[in-house]
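Input: a single structure, listed below in structure tokens.
Protein chains get the first letters and strands the later ones, always in sequence-line order, with residue 1 at the start of each.
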Protein chains: 2
Amino acid sequence: MRETKQKTAILEFLRSKRQHHSAIQIYDAVREKIPNISLGTVYRNLGALIESGEIISVETNDKCVFYDGFIADHAHFVCQGCKGIFDFDMPTGMTEEMKKSGFKVSSEHLVCYGLCSECAKNTAQ
Amino acid sequence: MRETKQKTAILEFLRSKRQHHSAIQIYDAVREKIPNISLGTVYRNLGALIESGEIISVETNDKCVFYDGFIADHAHFVCQGCKGIFDFDMPTGMTEEMKKSGFKVSSEHLVCYGLCSECAKNTAQ
DNA sequence: GATATAATGATAATAGTAATCATTACTGAT
DNA sequence: ATCAGTAATGATTACTATTATCATTATATC
């Protein structure tokens, strides 16, 4: 995998923001640095970066995919009110049962849905 | 929500098989009973059944969506070898941290990736 | 059974992502 | 530093899964 300014810009953007971004959001952000970057290049690099383990992706219920440059094991919470994505520690001891069955777990994706503290406060009457 | 033979057939199929099926697989299976059912109807009913909580959906890494008529809380394991989907108990005590933060958790989706016992055995040299 | 209307089948439309291909630009050897 | 080989790019087209549209059909209520 060669070093290109497009790939570097995408990775730097994802690492600079502790948030989750869709492919188009990344495209828009990177275009400020590389105005003529192609959306295809963004998708190609996101795929390659996932493949190499430099970023991860989060798929939410409504078929949206978000990319995350923070790769330490963590769970995601999707707020159905404000649509925000929040990080949480991954619960431990989760894969015990699977390992017992002889399964080799290479990654685990935990996404929870509900209301964040703010939205929960506002909907309570 | 009205009772239709299309909806009944979809739900019965999903409940009869303890496996996970994509929309097209469901379409093909139900077409044996209702040959002229439309794929749009399948999608419409799958959406409605998810909405009403009668089935659940599992999104895997490679953008495939599978539907599951077994709705008791459980985690999914996707084998990257044979592409099979396996069920596991959902680990307990998982949402403690989220609840402590004032978050209201309504559902949790845990998908793990790796190799099932069979595929792990075959790839070990 | 007649009526109201939700759901259907057929089709077209959309959105997100992947493939194509000529051109550009990294990288390693000279 | 220059060059050659080739991986990655931008522009575009193609694809696939899903959703919307709409006239027609079938379900539930009276």
Side-chain angles (χ1 to χ4, degrees), chain A residues 1-14 20-69 76 78 83 85 109 111, chain B residues 1-14 20-68 76 78 80 83 85 109 111:
Chain A
M1 182 143 71
R2 277 182 188 172
E3 198 81 356
T4 65
K5 64 173 189 289
Q6 288 84 351
K7 195 184 90 168
T8 307
I10 290 169
L11 192 51
E12 270 177 2
F13 170 72
L14 280 175
H20 306 77
H21 302 272
S22 68
I24 307 102
Q25 288 172 331
I26 296 164
Y27 174 57
D28 286 336
V30 174
R31 232 170 356 154
E32 289 179 12
K33 284 207 163 184
I34 308 170
N36 68 328
I37 193 172
S38 158
L39 183 56
T41 299
V42 173
Y43 274 110
R44 224 181 294 126
N45 278 295
L46 290 172
L49 290 167
I50 288 171
E51 191 77 19
S52 69
E54 290 170 272
I55 65 171
I56 59 170
S57 64
V58 195
E59 292 98 32
T60 72
N61 247 349
D62 34 10
K63 297 167 209 335
C64 299
V65 181
F66 293 91
Y67 300 89
D68 190 349
H76 291 103
V78 179
K83 303 291 174 192
I85 302 180
H109 290 224
V111 185
Chain B
M1 182 145 69
R2 277 183 189 173
E3 198 81 357
T4 66
K5 64 172 188 291
Q6 289 85 349
K7 194 184 92 169
T8 307
I10 290 169
L11 193 52
E12 269 177 4
F13 170 72
L14 280 176
H20 306 77
H21 302 271
S22 67
I24 306 103
Q25 288 172 332
I26 296 164
Y27 173 57
D28 286 337
V30 174
R31 235 175 347 160
E32 289 178 13
K33 287 206 162 184
I34 308 170
N36 69 328
I37 191 172
S38 160
L39 183 55
T41 299
V42 173
Y43 274 109
R44 224 180 295 124
N45 278 296
L46 288 173
L49 289 167
I50 288 171
E51 192 77 21
S52 69
E54 289 170 273
I55 65 171
I56 59 171
S57 64
V58 194
E59 291 100 30
T60 73
N61 247 349
D62 33 11
K63 299 169 209 334
C64 300
V65 181
F66 294 92
Y67 300 89
D68 190 349
H76 290 103
V78 179
Q80 292 166 322
K83 304 290 173 192
I85 303 180
H109 290 225
V111 184

Sequence-distant partners of [X], side chain to side chain donor-acceptor pair (under 3.5 Å), two or more places apart:
X	value
Thr4(A)	none
Thr41(A)	none
Ser57(A)	Glu59(A)

Could you check how far [atom1] of [X] sits from [atom2] of [N], rounded to whole Å?
X	N	atom1	atom2	value
Ile37(B)	dT25(D)	CD1	P	17 Å
Lys7(B)	dA26(D)	NZ	P	18 Å
Gln25(A)	dG16(C)	CD	P	11 Å

Compare all side-chain heavy atoms of [X] with those of [Y] and state whether any distance is below 4.5 angstrom.
X	Y	answer
Leu11(A)	Asn45(A)	no
Met1(B)	Glu51(B)	no
Asn61(A)	Val78(A)	no
Ile26(A)	Leu46(A)	yes
His109(B)	Val58(B)	no

So, is [X] near the phosphate of [N], with a side-chain N or O under 4.0 Å from OP1 or OP2?
X	N	value
Asn45(A)	dT9(D)	yes
Ser38(A)	dT9(D)	no
Gln6(B)	dG9(C)	yes

*Where do Phe13(B) and His21(B) land on the ring-ring contact (aromatic ring centres under 6.0 Å, His included) test, with the steps shown first?*
CA-CA 10 Å; Phe13(B) 170 72; His21(B) 302 271; 4.7 Å; yes

*Compute the bend angle of the helix from dG1(C)-dC30(D) to dT30(C)-dA1(D) from the end axes (five pairs per end), rounded to 10°.*
50°

*Do you know which two heavy atoms are closest between Gln25(A) and Phe66(A), and how far apart they sit?*
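Result for this residue pair: OE1-CE2, 4.3 Å.
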
*What are the two closest non-hydrogen atoms of Ala23(B) and Tyr67(B), and how far apart are they?*
N-CE1, 3.9 Å

*Please determine, for the side chain of Ile34(A), which listed nucleotide (dG10(D), dG9(C), dA7(C)) has the closest atom?*
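Nearest to the side-chain atoms of Ile34(A), counting from C-beta on, is dG10(D).
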
_Side chain of Arg44(B) only, heavy atoms from C-beta on: which candidate in dA10(C), dG10(D), dT9(D) is closest?_
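It is dA10(C).
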
Polar atom pairs (N or O), protein with nucleotides 3-5 of chain C, under 3.5 Å:
unit_1, atom_1, unit_2, atom_2, d
dT5(C), O2, Arg2(B), NH1, 3.1
dT5(C), O2, Arg2(B), NH2, 3.1

*Which is true for Thr4(A) with a 4.0 Å heavy-atom rule: it touches a base, it touches only sugar-phosphate, or it touches nothing?*
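The residue Thr4(A) makes sugar-phosphate contact but no base contact.
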
Scan nucleotides 16-19 of chain D against the protein and return all N/O pairs shorter than 3.5 Å with their distances rounded to 0.1 Å.
unit_1, atom_1, unit_2, atom_2, d
dT18(D), OP2, Tyr43(B), OH, 2.2
dT18(D), O5', Tyr43(B), OH, 3.4

